[in-house]
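Right, one structure below, let's go through it.
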Amino acid sequence: MPELPEVEVIRLGLNELIIGKKFSDVEFDWVKSFPNAKNDIKLFLLNAKVINIQRKGKSIIINLSSNYSLVIHLRMTGQLIYRGEDAQFGGGHPSESLVGNLPDKSTRVIFTFSDKSKLFFNDQRKFGWVKLVPTSLIEEISFYKKLGPEPLLKSFDAVVLHERLLRKANTSIKAALLDQTVLAGVGNIYADESLWTAKIHPATQVKKLNIEETTKLTRAIKAVLKLSIKNGGSTDRNYVNARGQRGNYLVFANVFRLNGKPCKRCGTIIIKIRVAGRGTHLCPSCQKIK
DNA sequence: CACTTGACCTGTCCGC
DNA sequence: TGCGGACAGGTCAAGT
């Protein structure tokens, strides 16, 4: 669920909250949530300071003064929540947080900074992970080697998307958009929203798209992602930002989770089908299969 | 080789 | 009320 906009909103929050802070302790009980921690944390995490925070696709990279980096993937249900030193509720605004006292039963890793504030990695379904890797080796991570272009860069345009789609000619456009090697950061919510905006049926074979449709789709992807970031991302089930607050994008959603409701463009009832093994929402009038 | 399916997990919801 | 099963959907490994 955390897709590009949600991860970007977390990054922006962490940028305000933890830059310059020094790690003083780390605790974890679920080994798979922090698989390589044992070997390296004492030398390269404790006493290291946070230099800056990046995002690549749906992952977060916290660069440290030790020339190591924490690489974090939230997968389905991961959360990164900062709490100030003065309260478990954090920041003195418990009512703003969707999350109660921390740690709770889905807390997997607890980072403590030297000022006693904490960063909690919560992950109900345990699919997410934190890894500590040398900063110089980040580009060698196989996931990053294969990762497609960032859709919000100016350099990402219809020509680039068309090129990336060439080797996926026989699959559906929805499967292609979800494929992180085609482009980075789009997941189920924004794939459905972008395809509705561009008036393309999600099951359309990639090779049947013309340049006009690819251009519309490129614009739609950028617009949808930007609107979501502006509104704090999508809280479908349990996404929260670094302050534990929910996002508001789904107020603006046009199809996602709106099956049974009228299409905002034409009034036809939105349906939910399965495409590429995923729940897929579309307007059967606006988005015709070719 | 391209593409699909299953595994990884837990919580929620639905039908019986 | 309890219980089994479907479902949620990101990524990798295994299978077709």
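The basis for the numbers below is simple: all heavy atoms, side chains too, and nothing from hydrogens, waters or symmetry mates. We name chains A, B, ... by the order of the sequence lines, and we start the count at 1 in each one.
Taking atom P in both dG9(C) and dC3(B), one finds a spacing of 23 Å when rounded to whole Å. dT11(C) and dC1(B) have their P atoms separated by 24 Å, given to the nearest Å. As rounded to the nearest Å, dT5(B) and dC7(C) have P atoms that lie 14 Å from one another. When the P atom is used for both dG6(B) and dA6(C), the distance is 12 Å, rounded to whole Å. The same atom, P, is picked in dG11(B) and in dC12(C); the two are 25 Å apart, to the nearest Å.
Between the P atom of dC8(B) and the CG atom of D123(A) lies a distance of 16 Å, rounded to the nearest Å. In this entry the distance linking CG of N238(A) with C1' of dC9(B) reads 13 Å, nearest Å. Regarding N188(A), its CG atom lies at a distance of 14 Å from the P atom of dC7(C), rounded to whole Å. Taking atom OH of Y239(A) as the reference point, atom C1' of dG9(C) lies 17 Å away to the nearest angstrom. Remark: C1' of dG9(C) and CG of L250(A) are 14 Å apart, rounded to the nearest angstrom. Atom CD1 of I273(A) and atom P of dA8(C) are 13 Å apart (whole Å). Taking atom NZ of K272(A) as the reference point, atom C1' of dG9(C) lies 10 Å away to the nearest angstrom. Remark: C1' of dC7(C) and NE2 of H281(A) are 12 Å apart, rounded to the nearest angstrom.
Contact check on E8(A) versus R11(A) returns a salt bridge, with a Lys/Arg side-chain nitrogen under 4.0 Å from an Asp/Glu carboxylate oxygen. Classification of K118(A) and D25(A) as a salt-bridged pair fails, no side-chain N sitting under 4.0 Å from a carboxylate O. Here R75(A) does not pair with D123(A) in a salt bridge; the nearest charged N to carboxylate O distance is not below 4.0 Å. The existence of a salt bridge linking K56(A) and E139(A) is confirmed by a sub-4.0 Å separation between a basic side-chain nitrogen and an acidic carboxylate oxygen.
Side-chain contact check for V251(A) versus N231(A): every heavy-atom pair is 4.5 Å or farther apart.
Under a 4.5 Å side-chain heavy-atom criterion applied to ILVMFWY residues, the cluster that includes I51(A) comprises that residue alone.
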What nitrogen or oxygen pairs link the protein and nucleotides 1-6 of chain B at under 3.5 Å?
residue, atom, partner, partner atom, Å
dC3(B), OP1, N170(A), N, 3.4

Contact list (N/O, under 3.5 angstrom) for nucleotides 10-13 of chain B vs protein:
residue, atom, partner, partner atom, Å
dT10(B), OP1, K126(A), NZ, 2.8
dG11(B), O4', Q124(A), OE1, 3.4

Check nucleotides 11-15 of chain C for protein N or O atoms closer than 3.5 Å to its own N or O atoms and list the pairs.
residue, atom, partner, partner atom, Å
dT11(C), OP1, H73(A), NE2, 2.6
dT11(C), OP2, K58(A), NZ, 2.9
dT11(C), OP2, Q180(A), NE2, 3.4

Under 3.5 Å, which protein N or O atoms sit close to an N or O of nucleotides 4-6 of chain C? Give each pair with its distance.
none

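Both L152(A) and L177(A) are assigned to one and the same hydrophobic cluster, defined by single-linkage of ILVMFWY side chains at heavy-atom distances under 4.5 Å. Note on V50(A) and L80(A): same hydrophobic cluster, where clusters join Ile, Leu, Val, Met, Phe, Trp and Tyr whose side-chain heavy atoms are under 4.5 Å apart, directly or indirectly.
Residues forming a side chain to side chain donor-acceptor pair (under 3.5 Å) with T107(A) (at least two apart in sequence, or on another chain): D104(A), N122(A). Residues passing the ring-ring contact (aromatic ring centres under 6.0 Å, His included) test with F28(A) are F34(A), sequence neighbours excluded. Listed by chain and number, the residues in a side chain to side chain donor-acceptor pair (under 3.5 Å) with S194(A) amount to none (sequence neighbours excluded).
What you find for K49(A) and K22(A) is that their closest heavy atoms are CG-CB, 4.0 Å. Taking both residues in full, the closest heavy atoms of A176(A) and K168(A) are given as CB-CB, 4.4 Å, listed atom of the first, atom of the second, then distance.
Residues in residues 205-243 of chain A take part in no ring-ring contact (aromatic ring centres under 6.0 Å, His included) pair, two or more places apart or across chains.
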query = Given the rule in the salt bridge (charged side-chain N to carboxylate O under 4.0 Å, His left out) test, do D192(A) and K174(A) qualify, once you have shown the distances and angles that lead to the verdict?
reply = CA-CA 8 Å; D192(A) 284 4; K174(A) 168 118 182 197; 2.5 Å; yes

ask   = Are N63(A) and Q54(A) close enough, and set up right, to give a side-chain hydrogen bond (donor to acceptor under 3.5 Å, both in side chains), and what steps lead you there?
value = CA-CA 8 Å; N63(A) 291 313; Q54(A) 298 172 261; 2.8 Å; yes

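Rounding to the nearest 0.5 angstrom, the gap separating the CD1 atom in I72(A) from the CD1 atom in I62(A) is 4.0 Å.
Base pairing in DNA chain B yields stems of at least 3 consecutive Watson-Crick or G-U pairs, both distances under 3.5 Å, namely B:2-8 with C:10-16, B:10-16 with C:2-8.
Remark: K199(A) is not positioned above the aromatic ring of W196(A), lacking an NZ or CZ atom under 6.0 angstrom from the ring centre and at most 45 degrees off the axis.
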Got a list of side-chain donor-acceptor pairs under 3.5 Å for residues 12-21 of chain A, not counting sequence neighbours?
residue, atom, partner, partner atom, Å
E16(A), OE1, R243(A), NH2, 3.0
K21(A), NZ, Y82(A), OH, 3.3
K21(A), NZ, D115(A), OD2, 2.5

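Sorted by residue number, the list of members of residues 202-210 of chain A with any non-hydrogen atom under 4.0 Å from DNA chain B is empty.
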